[in-house]
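Down below is the structure, laid out as structure tokens.
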Amino acid sequence: MKKAFRYIFIGIILVAIIVGYYYYLNHRKGLSVEDTVVEKTEVEKILDKDFEADYPATPREVLKNYNRIITAYYNEEYDEEQFLGLATMARQLMDEELLELNPEDAYLADLRYEIATYKDIPKTIVSSSVSDSNDVVYKVVKGHQCAYADTYYFCKEGTDFSRTYEKFVLRKDKQGNWKILAWKLKEPEEE
């Protein structure tokens with residue numbers, strides 16, 4: 001009987017220790033896991049994407065990702081490493097022919113100049129949009145599947161607002177991925 005009482009007493013003490021420790025962990029002062037979660041910046045969210053593992057499936061999705069990168073260039077704060085990451089991602093969305101015409105060093109220099117000019121004005125991209133799926137035009141050109149889509153950027157410069165319209169041409173590569181081949185500003189009469 002004394003042995004049974006001893007085992008029950010030890011069991012009660014162990015349960016009390018476990019419950020007490022559990023209470024301590026849940027009610028102690030300091031940061032909990034929920035408190036330590038830091039919201040990622042837009043640049044970090046973009047850089048978390050992996051185009052090699054999960055490449056955008058449609059011309060619209062390619063342009064939506066490209067627009068996110070462009071908007072981040074001009075609107076967000078980032079360090080040099082993040083800038084290079086964004087530029088690398090933008091280039092992953094471009095066709096080989098476009099990349100050949102824009103070597104990486106020249107592309108980065110032009111991009112830095114353009115971003116600095118934008119920030120000196122100061123001008124920001126408020127929003128961007130891509131043509132609806134029904135408005136994307138598909139054609140076969142010289143044996144290559146191509147897609148034509150429009151984008152627009154709604155920008156703020158001081159107290160003024162403006163829209164910039166661009167027409168993009170995308171081409172499917174050998175892996176079946178849509179890549180940006182070219183783009184141009186649309187003239188006002190084209191809008």
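For this chain, numbers begin at 1 and follow the sequence in order. A quick note: this is a predicted structure, and the numbers were derived from the prediction, not measured.
Between the side chains of Tyr73 and Glu114, not a single donor N or O lies within less than 3.5 Å of an accepting N or O.
In this structure, the side chains of Leu99 and Tyr107 stay at 4.5 Å or more apart for every pair of heavy atoms. Contact annotation: the side chain of Val141 approaches that of Tyr148 to within less than 4.5 Å [non-hydrogen atoms, C-beta and beyond]. Ile115 is listed as a side-chain neighbour of Tyr74, based on a closest heavy-atom distance under 4.5 Å. With a 4.5 Å cut-off on side-chain heavy atoms, Leu185 and Thr164 count as touching. You'll find the side chain of Phe83 reaches within 4.5 Å of the side chain of Leu111, heavy atoms only. Here the side chains of Arg163 and Cys155 are not in contact, with every heavy-atom distance at 4.5 Å or above. At least one side-chain heavy atom of Tyr55 sits less than 4.5 Å from a side-chain heavy atom of Leu93. Counting heavy atoms from C-beta outward, Lys179 and Leu170 have side chains that stay 4.5 Å or more apart.
We find the CE-CG distance between Met89 and Leu47 to be 6.0 Å, quoted to the nearest 0.5 Å. From Glu97, atom CD reaches atom NE2 of His144 across 8.0 Å, with rounding to the nearest 0.5 Å. From Ile69, atom CD1 reaches atom NZ of Lys64 across 14.5 Å, with rounding to the nearest 0.5 Å. Note that the CG atom of Asn75 and the CD1 atom of Ile125 stand 6.0 Å from one another [nearest 0.5 Å]. The distance from the CD atom of Glu157 to the OG atom of Ser162 is 6.5 Å, given to the nearest 0.5 Å. Separating the CD atom in Gln92 from the CZ atom in Phe51 is a distance of 6.5 Å, to the nearest 0.5 Å.
Without hydrogens or angle criteria, Arg171 side chain to Trp178 main chain gives no donor-acceptor distance under 3.5 Å. Side chain of Asp135 to main chain of Ser131: no donor-acceptor pair is present (N/O by atom type, distance under 3.5 Å, no hydrogens or angles). At least one donor-acceptor pair closer than 3.5 Å links the side chain of Gln82 to the backbone N or O of Asp79. With hydrogens and angles ignored, the 3.5 Å screen pairs no side-chain donor or acceptor of Lys156 with any backbone N or O of Pro122. Between the side chain of Asn102 and the backbone N or O of Leu98 there is at least one donor-acceptor pair closer than 3.5 Å. Checked by atom type and distance alone, the side chain of Asp132 never pairs as donor or acceptor with a backbone atom of Asn134 at under 3.5 Å. With Glu61 contributing its side chain and Thr58 its backbone, the two residues share no donor-acceptor pair below 3.5 Å.
Salt-bridge annotation for Asp150 and Lys186: present, with a side-chain N of the basic residue lying under 4.0 Å from a carboxylate O of the acidic one.
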**Request:** Go through the steps to decide whether Glu76 and Arg68 satisfy the test salt bridge (charged side-chain N to carboxylate O under 4.0 Å, His left out), and finish with yes or no.
**Result:** CA-CA 11 Å; Glu76 303 294 328; Arg68 276 186 78 192; over 6 Å; no
**Request:** Begin with the C-alpha distance, continue with both residues' side-chain angles, and end with the deciding distance and a verdict on side-chain contact (heavy atoms from CB on, under 4.5 Å) for Leu63 and Ile180.
**Result:** CA-CA 8 Å; Leu63 292 177; Ile180 299 169; 4.1 Å; yes
**Request:** Check the pair Leu84 / Leu108 against side-chain contact (heavy atoms from CB on, under 4.5 Å), numbers first and verdict last.
**Result:** CA-CA 8 Å; Leu84 294 173; Leu108 291 174; 3.9 Å; yes
**Message:** side-chain contact (heavy atoms from CB on, under 4.5 Å), that's the test. Do Lys172 and Tyr138 meet it? Break it down for me.
**Reply:** CA-CA 11 Å; Lys172 254 191 185 177; Tyr138 295 91; over 6 Å; no
**Message:** Please evaluate residues Asn67 and Thr151 with respect to the criterion side-chain contact (heavy atoms from CB on, under 4.5 Å), reporting the C-alpha separation (whole Å), side-chain torsions for both, the decisive distance (0.1 Å), and the verdict.
**Reply:** CA-CA 9 Å; Asn67 283 350; Thr151 64; 4.0 Å; yes
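When all heavy atoms are compared, the tightest approach of Pro103 to Glu100 is CD-O, 4.0 Å.
Between Trp183 and Tyr66, a ring centre-to-centre spacing shorter than 6.0 Å is recorded. You'll find the ring centres of Phe154 and Phe161 inside the 6.0 Å limit.
Surrounding CD of Glu81 are at most 12 heavy atoms belonging to other residues, nucleotides or ligands under 6.0 Å away.
Val126 and Tyr152 fall within a single hydrophobic cluster, where Ile, Leu, Val, Met, Phe, Trp and Tyr side chains are chained together by heavy-atom contacts under 4.5 Å. Connection of Met94 to Leu181 is not established within any shared hydrophobic cluster, with ILVMFWY side chains joined at heavy-atom distances below 4.5 Å, either directly or through further cluster members. Under the 4.5 Å side-chain heavy-atom criterion for ILVMFWY residues, a single connected hydrophobic cluster contains both Val130 and Val136.
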